[in-house]
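As the structure lists them, so they are numbered: ligands from 1, and atoms in each ligand from 1. The chain is numbered in sequence order, starting from 1.
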Amino acid sequence: MVSSNIKNICCIGAGYVGGPTMSIIALKCPNITVNVVDINSNRIKAWNSENLADLPVFEPGLDDVIRKCRGRNLYFSTSVEDSIAMADIIFISVNTPTKETGLGAGFASDLKWIESSARTIAKFAKGHTIVVEKSTLPVKTAETIKKILYSLQDFEEEKNNNNLQKTFSIVSNPEFLSEGTAINDLLNPDRVLIGGEDNDSIDKVSSIYNNWIASNKIITTNLWSSELSKLVANAFLAQRISSINAISSLCESTGANIQEVAMAIGSDSRIGNKFLNSGPGFGGSCFKKDILNLVYLCRYYGLNEVADYWEAVVKINSWQQKRISSIIVKNLFGTLANKKLAILGFSFKADTNDTRESPSINISQDLLQEGAQLAFYDPRVKKEQILKELNSEKYGENIQICKTAIDAATGADAVIILTDWKEFLELNWSFIYKSMRKPSWIFDARICLDNSYLKDLGFNVWTLGS
Ligand code: NAD
Ligand code: UDX
């Protein structure tokens, strides 16, 4: 084990990043006490659930890590102030969504949770504290955090007329995990990125990761490169998805097949074969908001052409979703009135219960506006979550949430695959076909089913990109 004098870590924000990341740090650093704190007491209660099926985040393998570490050196609580006071290092892992109103609305990140975290740290930290930006942030946010940390201290010092001897270092350590594979990503990352201003803080943060990650995978940069690299990594990944999705439509028009094209181009090692799965567009809490943030930054610095270039990645993503809903309507004789459609999959990707920006939301809303009756099934997303995401009051009886895929499909005119959960591949499609109204359609927006087998059963099949 790598030795360091770090004994106590606090993480502000017990979400999809804070929870799994700190669990792995606790697992790999048994000598460090890790306190994960949140202002949302329901979330903390769920992290402390006896029944590990009730954890607020579903991630394969996370329950095992929690079982090993919780109560040993990993604690979830709402004791924000006390945990800050005890910490040598504080990770800020709070949400940074797109601003909804005011200056920069629709593009800039809303930093109110970052600011309130910094203010609380300024007030309750003791001695020297390393403050780590784990949240994804606009470049230069470290400057703002520093100003908040020190301005509050000056004020308190003046007020109390005594030397509080608080000092801070700011380090950027963005997180690259993907949901659904978070545990493996955290255990075996391609790289860990640490940006900072002083070597001592960079070394201390590195020493945590060195407990399980080889030094050559720990990249160090200046603060601004680290902050910007996170936004750019997400922009490049999302760009690949918009690129392949744009080509999926051309495949449909020409008789080419998107999977064959992806395979052919991906075998060029300069392009690479990952992240070339065409689908209903990227979802998740990160890609859209981080690109919009990048677009905002570019416009702020007067780089309008660069901003337009990246904004197009988001526009193609929305277009892909609209395109899929109109293909469904057209194939079902131009009207969805009095038709039941089964929506299989509501999470933004398989192996997560997260629905933020899920393509299922926009596509379902388009179909509901056409008058469809939608029957949803997702193996991990709770009924209340689906209803909340859809603004269900508007659609009343036209939304039904089912306990099985078979229930959703029974009597339906079409089944629409929007998330590639493994269990959808193993369904008894022959049974489903018999239970549906004729003609029976399958719209496979994830290209995950065997379309020639389904056609043989009698289905009309539309597969994206072919
Ligand atoms: P999340 O919404 O799941 O969790 C954030 C948590 O922070 C919430 O539980 C909220 O109650 C808490 N919080 C907010 N303000 C607080 C405060 N002042 N004190 C205590 N708790 C507070 O968000 P997330 O998905 O975990 O994302 C967190 C950050 O990490 C974001 O910046 C995101 O862009 C970035 N990120 C997310 C992912 C991902 O896959 N979700 C991956 C990489 C990076
Ligand atoms: C992403 C980044 O991958 C991760 O590095 C970052 O830390 C957070 O944002 P995440 O959003 O959790 O992770 O999942 P990811 O696997 O990137 O998928 C994002 C979306 O793109 C999903 O809706 C997924 O279905 C879609 N996707 C992904 C495709 O449509 N095709 C692909 O080839 C890959």
**Q** Between ligand 2 and Gly283, is the shortest N or O to N or O distance under 3.5 Å?
**A**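 It does: an N or O of Gly283 is found under 3.5 Å from an N or O of ligand 2.
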
**Q** Give the contacting part of Asn277 toward ligand 2: side chain, backbone, both or neither, where contact means a heavy-atom distance below 4.0 Å.
**A**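 Both parts.
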
**Q** Provide, to 0.1 Å, the distance between atom 19 (N) of ligand 1 and the closest protein heavy atom, together with that atom's residue and name.
**A**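 Sorting protein heavy atoms by distance from atom 19 (N) of ligand 1 puts Ile12 CG2, 3.4 Å first.
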
**Q** Would Asp366 and Lys322 count as a salt bridge (charged side-chain N to carboxylate O under 4.0 Å, His left out) here? Give the steps.
**A** CA-CA 8 Å; Asp366 286 346; Lys322 282 268 171 238; 2.9 Å; yes

**Q** What I'd like to find out is whether the side chain of Val295 reaches to under 4.5 Å of the side chain of Tyr309, using heavy atoms alone.
**A**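 With C-beta onward as the side chain, the pair stays apart.
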
**Q** Before you tell me yes or no, could you show the steps for Thr463 and Asp444 under side-chain hydrogen bond (donor to acceptor under 3.5 Å, both in side chains), namely the whole-Å CA-CA distance, both residues' side-chain angles and the distance that decides it to 0.1 Å?
**A** CA-CA 5 Å; Thr463 304; Asp444 183 2; 4.8 Å; no

**Q** Is the shortest side-chain heavy-atom distance between Pro174 and Glu133 below 4.5 Å?
**A**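 When only atoms from C-beta onward are counted, Glu133 and Pro174 do not touch, as no gap falls below 4.5 Å.
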
**Q** Nearest to atom 6 (C) of ligand 1, what protein heavy atom do you find, and at what distance?
**A**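 Looking at atom 6 (C) of ligand 1, the protein heavy atom closest to it is Asp38 OD2, 3.5 Å.
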
**Q** Give the contacting part of Lys289 toward ligand 2: side chain, backbone, both or neither, where contact means a heavy-atom distance below 4.0 Å.
**A**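 Neither; nothing of Lys289 gets under 4.0 Å from ligand 2.
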
**Q** Looking at Phe282, which atoms of ligand 2 are within less than 4.0 Å of one of its heavy atoms?
**A**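 So the answer, numbered in order with elements, is 20 (C), 21 (O), 23 (O).
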
**Q** Taking non-hydrogen atoms only, is Val94 closer than 4.0 angstrom to ligand 1 via side chain, backbone, both or neither?
**A**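 The part of Val94 near ligand 1 is both the backbone and the side chain.
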
**Q** Considering only protein heavy atoms, which is closest to atom 44 (C) of ligand 1, and at what distance to one decimal place?
**A** Thr136 OG1, 3.5 Å

**Q** Less than 6.0 angstrom from the centroid, inside 45 degrees of the normal: does Arg191 satisfy that with respect to the ring of Phe176?
**A** yes

**Q** Restricting to non-hydrogen atoms, name the atom on Val415 and the atom on Ala409 that form the minimum distance, rounded to 0.1 Å.
**A** CG2-CB, 3.9 Å

**Q** Can you tell me if Lys230 contacts ligand 2 (heavy atom of the residue under 4.0 Å from the ligand)?
**A** yes

**Q** Tell me: protein heavy atom nearest atom 36 (N) of ligand 1, and distance?
**A** Val17 CG2, 3.4 Å

**Q** Which one holds for Ser178 and ligand 2: side chain close, backbone close, both close, or neither close, with close meaning a heavy atom under 4.0 Å?
**A**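 Under 4.0 Å from ligand 2, Ser178 contributes backbone and side-chain atoms.
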
**Q** Within the 4.0 Å heavy-atom shell around Arg446, which atoms of ligand 2 are there?
**A**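 So the atoms of ligand 2 that pass are 25 (O).
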
**Q** In terms of atom number and element, which parts of ligand 1 are under 4.0 angstrom from non-hydrogen atoms of Gly15?
**A**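 Atoms satisfying the 4.0 Å criterion: 1 (P), 3 (O), 4 (O), 26 (O).
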
**Q** Which atoms from ligand 1 have a heavy atom of Lys289 less than 4.0 Å away?
**A**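 Atoms satisfying the 4.0 Å criterion: 33 (C), 34 (O).
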
**Q** Would you call Glu50 and Arg70 a salt bridge, using N to O less than 4.0 angstrom?
**A**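 Salt bridge: no.
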
**Q** Identify the closest protein heavy atom to atom 41 (N) of ligand 1: which residue and atom is it, and at what distance?
**A**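 Result for atom 41 (N) of ligand 1: Glu179 OE2, 2.8 Å.
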
**Q** Using distance alone, decide if ligand 1 has a nitrogen or oxygen within less than 3.5 Å of any nitrogen or oxygen in Glu175.
**A**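 So ligand 1 has no N or O lying under 3.5 Å from an N or O of Glu175.
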
**Q** Strictly under 4.0 Å, does any heavy atom of Arg240 approach an atom of ligand 2?
**A**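 No, Arg240 has no heavy atoms under 4.0 Å from ligand 2.
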
**Q** Tell me whether Asn317 contacts the main-chain N or O of Phe282 through its side chain, where contact means a donor paired with an acceptor under 3.5 Å.
**A**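 Looks like yes, one N/O pair under 3.5 Å.
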
**Q** Treating Ser201 as the side-chain partner and Ile130 as the backbone partner, does any N or O pair qualify as donor plus acceptor under 3.5 Å?
**A** no

**Q** Counting both backbone and side chain atoms, is some N or O of Asp290 under 3.5 Å from an N or O of ligand 1?
**A** no

**Q** Of all the atoms in ligand 1, which lie at a distance below 4.0 Å from a heavy atom belonging to Gly13?
**A**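 Listed by number with element: 6 (C), 7 (O), 12 (C), 21 (N).
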
**Q** Which atoms from ligand 1 have a heavy atom of Asn40 less than 4.0 Å away?
**A**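 Here the atoms of ligand 1 in question are 11 (O).
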
**Q** Taking 4.0 angstrom as the limit and counting only heavy atoms of Leu177, give me the atoms of ligand 2 inside it, by number and element.
**A**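 The list of qualifying atoms is 4 (C), 5 (O), 6 (C), 7 (O), 8 (C).
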
**Q** With a heavy-atom distance limit of 4.0 Å, tell me whether Glu175 approaches ligand 2 through its side chain, its backbone, both, or neither.
**A** backbone

**Q** In ligand 1, which numbered atoms sit nearer than 4.0 Å to a non-hydrogen atom of Ser285?
**A** 41 (N)

**Q** Using side-chain hydrogen bond (donor to acceptor under 3.5 Å, both in side chains), reason through Asn95 and Tyr16 one step at a time and then give a plain yes or no.
**A** CA-CA 10 Å; Asn95 35 322; Tyr16 281 85; over 6 Å; no

**Q** Does Phe176, backbone or side chain, put an N or O under 3.5 Å from an N or O of ligand 2?
**A** yes

**Q** In ligand 1, which numbered atoms sit nearer than 4.0 Å to a non-hydrogen atom of Ser93?
**A**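 Under 4.0 Å from Ser93, ligand 1 has these atoms: 5 (C), 28 (C).
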
**Q** Is any side-chain heavy atom of Glu179 less than 4.5 Å from a side-chain heavy atom of Phe58?
**A** no

**Q** When you measure from the side chain of Lys166 to the backbone N and O of Ala122, does any donor-acceptor pair fall under 3.5 Å?
**A** yes

**Q** May I ask you to identify the nearest protein heavy atom to atom 1 (P) of ligand 1, giving residue, atom name and distance to one decimal place in Å?
**A**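 Nearest protein contact, heavy atoms only, for atom 1 (P) of ligand 1 is Arg43 NH1, 3.6 Å.
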
**Q** Any nitrogen or oxygen of Phe348, side chain or backbone, less than 3.5 Å from one on ligand 2?
**A**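 It does: an N or O of Phe348 is found under 3.5 Å from an N or O of ligand 2.
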
**Q** Looking only at protein heavy atoms, which one is nearest to atom 32 (O) of ligand 1, and how far off is it?
**A**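 Looking at atom 32 (O) of ligand 1, the protein heavy atom closest to it is Thr96 OG1, 2.6 Å.
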
**Q** At under 4.0 Å between heavy atoms, is it the side chain or the backbone of Arg356 that contacts ligand 1, or both, or neither?
**A**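 Answer for Arg356: side chain.
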
**Q** Do Arg380 and Thr352 have side chains that approach each other closer than 4.5 Å (heavy atoms only, starting at C-beta)?
**A** no

**Q** Can you check whether Trp113 reaches Pro97 side chain to side chain, under 4.5 Å on heavy atoms?
**A**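 Yes; the side chains approach each other to less than 4.5 Å.
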
**Q** Please work out which of Asn273, Ile241, Asp420 has its closest non-hydrogen atom nearest to atom 26 (C) of ligand 2.
**A** Ile241

**Q** Near Leu237, which atoms of ligand 2 are under 4.0 Å from a heavy atom of that residue?
**A**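 Listed by number with element, the hits are 3 (O).
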
**Q** In the protein, which heavy atom is nearest to atom 21 (N) of ligand 1, and how far is it?
**A**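 Scanning the protein heavy atoms, the shortest distance from atom 21 (N) of ligand 1 goes to Ile39 N, 3.4 Å.
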
**Q** With a 3.5 Å distance limit and no angle check, can you tell me whether Asn245 reaches the backbone of Gly279 through a side-chain donor-acceptor pair?
**A**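 Between the backbone of Gly279 and the side chain of Asn245 there is a qualifying donor-acceptor contact (under 3.5 Å).
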
**Q** Kindly give the heavy-atom pair with the smallest separation between Leu186 and Ile213, and that separation in Å.
**A**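 Reported closest heavy-atom pair: O-CD1, 4.3 Å.
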
**Q** For Lys230, take its heavy atoms, then give the atoms of ligand 1 lying under 4.0 Å from any of them.
**A** 43 (C)

**Q** Tell me which part of Cys286 gets within contact of ligand 1: side chain, backbone, both or neither, using heavy atoms under 4.0 Å.
**A** side chain

**Q** How about Phe168 and His128: do any of their side-chain heavy atoms sit closer than 4.5 Å?
**A**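 Result no, sub-4.5 Å side-chain heavy-atom pair not found.
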
**Q** Could you check whether any side-chain heavy atom of Phe91 comes within less than 4.5 Å of a side-chain heavy atom of Ile208, counting everything from C-beta outward?
**A**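 The answer is yes; the side chains approach within 4.5 Å.
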
**Q** Are Glu389 and Thr355 close enough, and set up right, to give a side-chain hydrogen bond (donor to acceptor under 3.5 Å, both in side chains), and what steps lead you there?
**A** CA-CA 8 Å; Glu389 290 282 21; Thr355 59; 2.6 Å; yes

**Q** Closest by any non-hydrogen atom to atom 9 (O) of ligand 2: pick that one out of Pro189, Ala233, Cys286, Ala182.
**A**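 It is Cys286 that holds the nearest heavy atom.
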
**Q** Taking all atoms of both residues into account, what is the closest heavy-atom pair of Ser77 and Ser79, and its distance?
**A** OG-N, 3.1 Å

**Q** Taking N or O atoms only and a 3.5 Å limit, does Lys134 qualify as a polar contact for ligand 1?
**A** no

**Q** Measure the shortest side-chain to side-chain distance between Leu387 and Lys383 over non-hydrogen atoms and say whether it is less than 4.5 angstrom.
**A**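 Yes; the side chains approach each other to less than 4.5 Å.
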
**Q** Give the numbers and elements of all ligand 1 atoms closer than 4.0 Å to a heavy atom of Ser116.
**A** 18 (N)

